[in-house]
Structure formats: C-alpha cells, structure tokens
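Keep in mind that what you see is a predicted model, and the values were worked out from it rather than measured. In what follows, every chain begins at residue 1, and chains take the letters A, B, ... in the order their sequences are listed.
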Number of protein chains: 2
Amino acid sequence: MSNLDQIAKLSGFSKATVSRVLNHSPHVSQATRDTIMKIMEELDYVPNGNAISLSKGQTEQIGMVTEGINEVMLPFLNSFVETASQHGYQTIIYTSGGDPAKELQAFEDMRRKRVDALVISTCVNDQALLGTFCKYGPIVSWQRMERPEIQSVAMNQYDGYMLGLEHVIKQGYTRIANAFGRPTSMNTSGRIQAYQDIARKYALPVNPDWSPTGIYSIRQGEQLVRELLLNPGERPNAILCANDLVAAGVLNEARRMGVKVPEELAVVGFDNTELAHTLGITSIYNPIAAQAQNAFLLILSRLKGTEPEQQELEFQLVKRATT
Amino acid sequence: MSNLDQIAKLSGFSKATVSRVLNHSPHVSQATRDTIMKIMEELDYVPNGNAISLSKGQTEQIGMVTEGINEVMLPFLNSFVETASQHGYQTIIYTSGGDPAKELQAFEDMRRKRVDALVISTCVNDQALLGTFCKYGPIVSWQRMERPEIQSVAMNQYDGYMLGLEHVIKQGYTRIANAFGRPTSMNTSGRIQAYQDIARKYALPVNPDWSPTGIYSIRQGEQLVRELLLNPGERPNAILCANDLVAAGVLNEARRMGVKVPEELAVVGFDNTELAHTLGITSIYNPIAAQAQNAFLLILSRLKGTEPEQQELEFQLVKRATT
DNA sequence: TTGAAAGCGTTACCAA
DNA sequence: TTGGTAACGCTTTCAA
C-alpha cells in the first residue's frame, strides 16, 4: 500500500503539496497537480481514512443509538443513512438491547472521537447523564426530550393522536381504549394528555384498564385484545395503538376471536407503515423519513456551525377498513 | 481533553508504560498500574479511537453493504450488529439504493482502512470486480456467490424451496406458480432448479407465465396476483413467494378479489417473519439470525487468523392457514 | 506556488 | 519492569 510520503518522493514535491492536491486546494499549479495525480493513479493510491480522522479530529461518522431495530424505525434509519451518506457521513449502529451500560458505550465512543455526533431514538439511561455528553458533540433525539440540552426532531404527538381520537369519535365510537408505548417517554405523555383532554371534552367513559402502557409489539397487541374483550364488564369499541405493529396484533386477534372490525371494534394504528397498508388498518401518517432528514441536518449544522434548515412537518390521518 | 502524553508526564512514567496499563500488559508492576490508573481517573482520560486505529492499522469496524434495509434483512442486521458488538466490533451501514458507484464506496472504504471487513447482502456491482477487493480484507456474503474468493453463509435454497414445494403437492395443489426474487442471484437459481426438478418428478403443468422473477415487495405481490388470476386460460392454485412480504401482498389481493385461500389458492411465504405469523401465512423458516452470526464469526476468524466455528443450520416449514 | 517541520495520540520495537 | 523513540499517514502553520 502506497502512502502520501511515497507520492511526494516520487513526484519530487513535498507532502504538503501532495496533500493540497488531495484536498483540492486552489494553491497548486495545474502542471504540479497533473504530475502528482498521474503518480497517484499509477500507484493506485488511496488515502488512509484513520490518518485523516486523527489529523482532522473528525471521523465523519455518526452513531445511531437505539434499543433494537424494528419495523417502525426502519424508515427513520433508512432515511438517516441515506441523507448522511449524501453529505459524506457514515452511520454506525449502536443497539443496546435495553442494557444501559451497552447504551453508554455509544456515548463513550463520542468522547473517544470515534463518532462526531449521535442520533438517539429510545434511550434507557438517565437523561441527565446522557446530557453530560453534549459537550463532546451534537446529540439529536428522535423522541421528545425533557432535557433542553439534547435537541429533538420529534413532532408534537398530542396533535397526531388527537387526529385519531377525533376521527373515531366522529365515526360514533365512544368507549375508547389506548395501547400506549413507553410509559416514561414524552411522546406517550403527549398522547395521554390528548386522550384526557378529549375524554373530558366529549365526556367519554374512562376506564383505567383501557389505557395500558408499554405496548409495542404484535404479540403484546394480541395479548391486549384478549384482556380487553374477555374481561367482565363493559368492552371498549375502539382501540388506538402505539404503532402499526400493535394494531396488526390487535386486528388479528380480534378477528380470530370472531369480533367484527370495524362494526364492533375500531382499530387505529400509528406511523402508517407498509403493514398498515397491507392489512388495511386506519393509521396516522407520521413523516418519519422527513424527521430523520431533519435530524441529520440539525447535526450537520451544529458540526459546521451553520444555521439549521429544517422542514415543517405534520401528521395526517389515513382512513382504511378498520374504522 | 487529556491524552496519553499528559498522563505519562504527570505520573512520572513513560508513554510506553501508560500504554501498557491501557492494554492490560502483564509487564507492569501493580504499584505503577495503580498510580497511573488513579491519574487517568482524575483527568477523566479516554483514549482516542482514531489514534489507536491508525497505530494498529485496524478500526474494529465492519461495513454492511446492502441495497436498502427492509423487513426481511432486519433479523440479519440485528443479529450481526449484536454479535459484532459482543466481540468489540461496530457495524457501519452502507446502502447503495441500487447505485453501483455508491456501493463501490463501501469497498473503497475497506482499502482506506475505515472498515476491517465487509458483509454484503444484495450487490449490484459485477462480482468479479468486487472480488478484487478481497486482498484488502475479508468479505463475506449473505447470498450465495459465484466467485469462490468471496465466502458465503448462504444456505442451500434448493432444499428450503423443496420443502415448500413438497408441502403444497402433498396438500393436493398441482398448478404451482412461483414469485422468484432477483433473477441473477444464485439463491433464485437454486429455487428455480428445485421447481424444475419437482415439476418433472410429479409431471406438473408448467406455464412460463407462472414463474416471474424480480418480485420482492408487497405491491409487486399484489400486482402479480392480478395478472395471474385475471389472465385468460388456466389459473394456478398455489403461489410460492420469494419472501413473506410478497406472500402478504398476494394473500391480501387474492382475498380482495374474492378468491378463497386456501381452498382455491395456496400461498407460501419465505423467511417466516413476524408478518407471516401475524397474517397466518404458511412460510419456510430460514434461520437468518444464525446466518448473520456465522457471517460475523467467519469474518472474525479471518481477521484473527483462527479456525472459524460455524453452526449447522437448516430450513423448516411452518404450516399456517394459507395452505 | 511550494516546502519544512510540527503536530494528531497511539502502539511497538529495542534497549536497559 | 521500564524508557526512548520510531513508526502510523495525514493536515496545517509558518516561511520562503
């Protein structure tokens, strides 16, 4: 493997000049540039990325921290990787599997200069602790954060959830159950707030058993339906879900139990993924890919010290066969 | 930010000794180690990852090359990231979006020493070209490869597909259609071979229109069903699909058209993802997560020069409501 | 426009 | 067990 030193020696110029050619500096004569380029080609030269990173103090790599990769965050991940790559940045995946120590590894890696910045989705560590890492580089969160030092590209879940609530009420459903997600997240508290507000506004029957938290998966959705429908006492006639996976589980199990959807039970998903399309589930469109783009752009502006250019985003309700 | 030099000066020892403490060398007295460790803690010292990578000539990062991240490769990605992380390796995502130039970027990055190795799934560049990069580091493929220099953790698709074929035939279906995947992949040719063999064995009716290639997505599955069932002439009564996404599309559209599944049409998916479980689609279990583990272990053995420890894997048919 | 030399922060070899 | 010092391969500042 050839290096910059060899190119310099062979061409008769200094390392500095060769470096200038590499970095497209205008202060190199065309003749010199040509000579050096030719030799680079002959030797099949490629610059060593580690040396550049060490010298510059930047890696052009961004870490994405998450508990695990699932279908809901797929568009986020894809869009982020794509946008980053368009700007010459790479994305490193850090999955914690819910282990705080493992998650912290990603933040340590920013201190170690392995990544220039971090984008986080679901985090299990204390936010105050994570906030202390902000001095080592930009941290942007997909979820809404309590700590102001960690910027967020989250959208106001209150508005999105309200869209779903108003929709089912307009369709005549009143006994509304909610499968909420992570209990500690601000996304969830926004949704809970929306539900409370609308329950008060329309004087809906409220049953504490109808609003469990910590429901994320298909299986949990299936389980939830069994509990809600087999319980003695009044049944809900609409279920709003934390995401489309849960909605799929709910729909599936309800049908298996012989419950008619949407006649006896309305089901609303969230995120409007392909799954919702396939199964014909009414869902709330959440512009996730655009949020990922915003996340990268936010990081880039912090890295370059420029003004961030963000796009305005909004939720939309996509009505299908389950309501 | 403190560095190794400062630790050395403050402790009164040399950089070499400090480095030994960092790398848990046995040739350091306990007293020295304690002294140095204490100072490191006081200064909140962390080693610079780039400097280590440059010096060692290794980054402990592995690139994953793919056209895009979708539901089918999710378990592969998750399992790979997890396994790699257990061994102290990070995973960098390279998505090409089908652009050969972009895909090549990943391979260039291995030359540049940004990644120590590559794991590839679907590749759009010429395999002979990709093979030339083997001299820069290990390359392991998820798909079966024509080039022997690129190792593969693929399983013999012939066997897996045969499982599905024998199953539908045993259930009495004879007019079998196939939604094959990427036409140029060896995975697909293995499946085609299985179909041809079984068609001959049981003297099945073969219709060229019944075996299209290049079908990967839900939408394509929906489209395919329309073509197959609306065409004049004989209809197939079973469709084996390239993956569960396609099967979901097929099932969905068939039902929408009023075709009874499994009475009038059998549907078989591939990979046995959560989607197949949710929709009750018969599918062929493909131990994808274990393949990803094998892929990493193969890379690690090449990197360390040790003997690879691989686990034996096999397909299984999971019968559900669509056959 | 070009060059010399001092970083960047480690590791690894050879002596002591 | 420890230290001195040359790598590792590039960027950047200061002079010329």
Quick one: label B:S53 by what it contacts on the DNA or RNA (base, sugar-phosphate, nothing), any heavy atom closer than 4.0 Å.
nothing
With sugar-phosphate meaning primed atoms plus P, OP1 and OP2, does B:G49 contact a base, only sugar-phosphate, or nothing at under 4.0 Å between heavy atoms?
nothing
Closest non-hydrogen atom pair between A:G63 and A:Y94, with its separation:
CA-CE1, 3.8 Å
All heavy atoms of A:T188 vs all of A:R182, minimum pair found to be OG1-O, 2.6 Å
If we ignore angles and hydrogens, is there a donor and acceptor under 3.5 Å between the side chains of B:T32 and B:S29?
yes
Establish, from distance only, whether the side-chain atoms of B:N50 and A:N50 form a donor-acceptor pair under 3.5 Å.
no
Does anyone know the first and last nucleotide of DNA chain D in reach of chain A, 5' to 3', at under 4.0 angstrom to a heavy atom?
D:dG9 to D:dT13
Please give, in whole Å, the distance from [N] [atom2] to [X] [atom1]?
| X | N | atom1 | atom2 | result |
| --- | --- | --- | --- | --- |
| B:E60 | C:dT10 | CD | C1' | 14 Å |
| B:I52 | C:dC8 | CD1 | P | 17 Å |
| A:R114 | C:dG9 | CZ | P | 16 Å |
| A:L4 | C:dA4 | CG | P | 14 Å |
| A:K9 | C:dA4 | NZ | C1' | 13 Å |

For B:E309, I'd like to know if atom CD has over 12 heavy atoms of other residues, nucleotides or ligands within 6.0 Å.
no
For the CD atom on B:Q311, are there more than 12 heavy atoms of other groups (residues, nucleotides or ligands in this structure) within a distance under 6.0 Å?
yes
Under a 4.0 Å heavy-atom cutoff, the residues of residues 15-27 of chain B touching DNA chain C are B:K15, B:A16, B:S19, B:R20, B:N23
Under a 4.0 Å threshold between the charged nitrogen and the carboxylate oxygen, would [Y] count as salt-bridged to [X]?
| X | Y | result |
| --- | --- | --- |
| B:D34 | B:K38 | no |
| A:K135 | A:E149 | no |
| A:K102 | B:E82 | yes |

Check whether any side-chain N or O of B:N3 sits under 4.0 Å from OP1 or OP2 of C:dG9, and answer yes or no.
yes
If you pin B:V28 and B:K113 to their nearest nucleotides in DNA chain D, which one's is more 5'?
B:V28
